[in-house]
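So the structure is just underneath, and the comments pick up after that.
Note on naming: letters A, B, ... go to the chains in the order of the sequence lines (proteins, then strands), and numbering restarts at 1 for each one. Below, each value reflects all heavy atoms present in this structure, side chains not excepted, and no hydrogens, waters or symmetry copies.
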Protein chains: 2
Amino acid sequence: MSDSGIKNMEQFAAISGISRPTVSKYFNDPDSVRRSSRERIEAAIDKYNYRPNIYAMNQNRAMTKNIGIVVPLLSDTYFAEIARNLEQHCIDAGYRPTMFSSHGDPKFEVEILDNLRSLKPAGVLIAPLGRASDRDVLEKFCEDVPTIIFDSKVGDIGIEFVGSDNMQFARDITDYLCRSGEPPCFFEMKTPANPNAHRRRQSYLDAMAAFGFEPQVISIEGEGWAFEEIGFRGANDALARKLFSTNTILCSNDRLAIGFLTACYENGLSVGRSEGDAIRVAGQDGHRLTRYTCPPLTTVSHNYEAVSLQAAKALFAAIDGQENPWKSTRIEGKLILRASA
Amino acid sequence: MSDSGIKNMEQFAAISGISRPTVSKYFNDPDSVRRSSRERIEAAIDKYNYRPNIYAMNQNRAMTKNIGIVVPLLSDTYFAEIARNLEQHCIDAGYRPTMFSSHGDPKFEVEILDNLRSLKPAGVLIAPLGRASDRDVLEKFCEDVPTIIFDSKVGDIGIEFVGSDNMQFARDITDYLCRSGEPPCFFEMKTPANPNAHRRRQSYLDAMAAFGFEPQVISIEGEGWAFEEIGFRGANDALARKLFSTNTILCSNDRLAIGFLTACYENGLSVGRSEGDAIRVAGQDGHRLTRYTCPPLTTVSHNYEAVSLQAAKALFAAIDGQENPWKSTRIEGKLILRASA
DNA sequence: ATAAATATTTTACGCGCGTAAAATATATGG
DNA sequence: CCATATATTTTACGCGCGTAAAATATTTAT
């Protein structure tokens, strides 16, 4: 019960006693052939376990069922989670998703886009690197292939943009922190990889201004994607230098916050919102593990499901030929109150 | 500067003034054509930005440069990390790796293997689901495609097996824990997804016997891959029922340990090896974030680099035609002492 | 039962490229 | 400058499959 010598559809059709094109039709839609043909083909499949070559199939197809999903870094849990969601939606809708990671490198991003053309995808869902992306290449790609941009907006290209409302994230959590204790200092990377970081900072500044509080932004050094380590070092340094003017820290993202918590722990600072606690720490993103930090981290979670569903549906609609005007959707996150703040 | 109407190598060759097969040769090895031809081709590439279709290329190639990398779950950081390593080795060696995730589902694993045949890979690196895998399908696949099995051994199939020495992991850390304090209880899932869990338990039992200590295994309920949650609930339950006979817990893996730490925190148990601490907790795997738990987690880390390098090299050798007898390599992990134990 | 309408299968060609074998161009030796 | 050896390029065909258009089978109407 495996590939018993049958190497292609030609041979398979021969032993089935049916012409190859009919077999081809069967694989594209089993109901498109006569019942008798179908039964003979299925009997042969059971017997020889034949499967058509998916790449050859797509070679001369008018429209493939392929969908490319591209994210900056699959090892980042946020992207892994959203990519996983998108993948599932594609599968449920009968598409064949393939995932690609740019590894945080614009060169890879361009290469992936080039390779994607070979796949002849019906559509593509991409979270661009952001400011590091080769904008011209991206734009040209969007002209040629139905593409949804998600997470980081890059101009008004593609079918539409879907992402989280990062300004709302920072606004809501700043608001909460201001009302429940000392106003927060904002803790971020000086040169963030993702453009959303800038929106969060700006929104923090706006929210603080609305409250009439003096904002304080601590921008730490660090390159790359090892955010926990960067946050840990930055926090150690900032704590040693007593840089924080209040006892409340809002981190630009959860991974920085995780590093921050570790620094607090090692400096003997008890984190939390209770009487005896020395410092409050909050993050943003709704990272999987924030429920399991010590203490559990207060954060604003992306609405992963809504973002991925909106992006997927928009792509499917475009593939189905619907011509909608370009639009940008930013979905609200949800404040998750835990012990850390 | 993008695809300016040129849709295939035929057209590209025409405007370059060179025959298509020569262009084909160029893309397979730029030095295999006359310098003058090469220059004309490269000028045309600059001008029209043409790239051959990678899937059509592989259609009738004697040997592709494709390598498939298959893991049970890309969202698990251990697999994400090892897959990332493997991917890099493949790229460095001039291969084209493609990553696949079985999503913990044997059906997907079989489907991936089917699709992989369409890719005509030069070789495959796969971490099977383990006991859930369809063994017959796997075995048949290994007969047809040069395959290295890593992480979980399934029979003696494939070119060779490379994994971590899980028995050494549990032995060494049990040894350490016994020497540095009370002997550990073993905390694990009752029905682990990965067969290595059984090796770790057995090795714990052996090590305890060697010391003459009474072993204690706490096997908790829980299905799926949400290990932190499973560990958290199991720990809460076990702590409430005072199931642990000593103050030291060795978790079967780091993700369970992360959940365990959270349970300790919420139960007011201070974790660590200092005088005033109530409990010691250790994990196994060397999960990325164990450095940033509170307290940082003592664990045994996989030698990711050695495992992935050995697996990749073995595959490359097999692809190059070297006929080595089947072998199994288990690479030692490294004890990482931190504050939790 | 027969002609017309409809469903299904075949024929014939194409997709984008690799690759042996044949043809041609360049290099080497005298 | 010509013959032979060698480096390159072309010719011709194949890979595994999709898809219009033509051919055939089946169903429906009369």
Side-chain angles (χ1 to χ4, degrees), chain A residues 3 5-41 44-45 48-66 96 114-122 144, chain B residues 3 5-42 44-45 48-66 96 114-122:
Chain A
D3 67 329
I6 281 79
K7 280 302 166 197
N8 57 34
M9 197 179 280
E10 186 90 46
Q11 296 175 21
F12 177 78
I15 62 101
S16 311
I18 299 188
S19 77
R20 190 186 60 69
T22 301
V23 173
S24 172
K25 279 199 72 177
Y26 167 83
F27 278 109
N28 281 309
D29 176 10
D31 289 320
S32 69
V33 303
R34 215 189 309 264
R35 181 199 303 283
S36 62
S37 309
R38 176 171 169 172
E39 280 163 2
R40 288 162 72 187
I41 292 172
I45 290 177
Y48 301 98
N49 197 38
Y50 167 76
R51 302 259 177 278
N53 182 305
I54 50 175
Y55 299 98
M57 279 176 58
N58 290 327
Q59 184 107 29
N60 192 26
R61 221 205 246 310
M63 175 70 84
T64 74
K65 284 289 188 179
N66 295 332
R96 278 186 38 81
D114 274 340
N115 288 169
L116 228 29
R117 290 174 189 270
S118 297
L119 242 191
K120 303 186 179 219
D144 301 337
Chain B
D3 68 329
I6 281 80
K7 280 303 167 196
N8 57 33
M9 197 179 281
E10 187 89 46
Q11 295 175 22
F12 177 77
I15 61 101
S16 310
I18 299 189
S19 78
R20 191 187 57 71
T22 300
V23 173
S24 172
K25 281 199 70 178
Y26 168 83
F27 278 108
N28 281 310
D29 176 9
D31 288 321
S32 69
V33 302
R34 213 190 311 263
R35 180 198 304 281
S36 61
S37 309
R38 177 171 169 172
E39 280 164 359
R40 287 163 72 186
I41 292 172
E42 286 174 346
I45 290 177
Y48 300 98
N49 198 36
Y50 167 77
R51 300 262 177 278
N53 182 305
I54 50 176
Y55 299 99
M57 279 176 57
N58 290 328
Q59 185 109 24
N60 192 28
R61 219 206 251 306
M63 175 69 85
T64 73
K65 284 290 189 180
N66 295 331
R96 277 187 37 83
D114 275 341
N115 289 169
L116 228 27
R117 290 174 189 272
S118 296
L119 243 192
K120 304 186 178 218

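Distance CD (A:E10) to C1' (C:dC13): 14 Å, rounded to an integer number of Å. Distance A:M63 CE to D:dA20 P: 14 Å, rounded to the nearest Å. Distance CG (A:L119) to C1' (C:dG16): 14 Å, rounded to an integer number of Å. Rounding to whole angstrom units, CD of residue A:Q11 and C1' of D:dG14 are separated by 14 Å. Atom CD1 of B:I6 and atom P of C:dC17 are 12 Å apart (whole Å). Between B:D29 atom CG and D:dA7 atom C1' the separation is 14 Å, expressed in whole Å. Atom pair A:N66:CG and C:dC15:C1' shows a separation of 15 Å (rounding to whole Å applied). Atom CE in B:M57 sits about 13 Å away from atom C1' in C:dT19, given to the nearest Å.
The backbone N or O of B:N58 lies less than 3.5 Å from no partner atom in the side chain of B:T64, so there is not a single donor-acceptor pair. The backbone N or O of B:K25 sits nowhere less than 3.5 Å from a side-chain atom of B:D29 that would complete a donor-acceptor pair. No donor-acceptor pair under 3.5 Å is formed between the side chain of B:S16 and the backbone N or O of B:I18. B:S118 places a side-chain N or O within donor-acceptor distance of the main-chain N or O of A:I54, the cut-off being under 3.5 Å.
Residue A:T22 has no polar side-chain atom (N or O) positioned under 4.0 Å from OP1 or OP2 of C:dT8. Taking side-chain N and O atoms only, B:Y50 has a distance below 4.0 Å to OP1 or OP2 of C:dC17. OP1 or OP2 of D:dG18 has at least one side-chain nitrogen or oxygen of A:S24 nearer than 4.0 Å. For B:S19, no side-chain nitrogen or oxygen approaches OP1 or OP2 of D:dT9 to under 4.0 Å. Distances shorter than 4.0 Å separate some side-chain N or O of A:K120 from OP1 or OP2 on C:dG16. Of the side-chain N and O atoms in B:N53, none sit less than 4.0 angstrom from OP1 or OP2 of C:dC15.
Listed nucleotides: C:dT19, C:dG16, C:dT10. Nearest to the side chain of B:N8: C:dG16. In the set C:dT9, D:dT8, C:dC17, D:dT8 carries the atom at the smallest distance from any side-chain atom of B:S37. The side chain of A:R20 has C:dC13 as its nearest neighbour among C:dC13, D:dA12, C:dT9. Among the nucleotides C:dA12, C:dG16, D:dA12, the one closest to any side-chain atom of B:Q59 is C:dG16.
When only modelled atom types and interatomic distance are considered, B:Q11 and B:Y50 share no side-chain donor-acceptor pair under 3.5 Å.
Contact detail for B:I41 and B:V23: the closest heavy-atom pair is CD1-CA, 4.1 Å.
Place B:R34 and B:N60 on DNA chain D by their nearest nucleotides, and B:R34 ends up nearer the 5' end. Each of A:P21 and B:R51 was matched to the nucleotide of DNA chain C holding its nearest heavy atom; the match closer to the 5' end belongs to A:P21.
In this structure, A:N58 reaches neither bases nor backbone, as no heavy-atom distance under 4.0 Å exists between it and the strands shown. Residue B:P52 is in sugar-phosphate contact alone, with no base atom involved, counting any heavy-atom pair closer than 4.0 Å across all strands shown.
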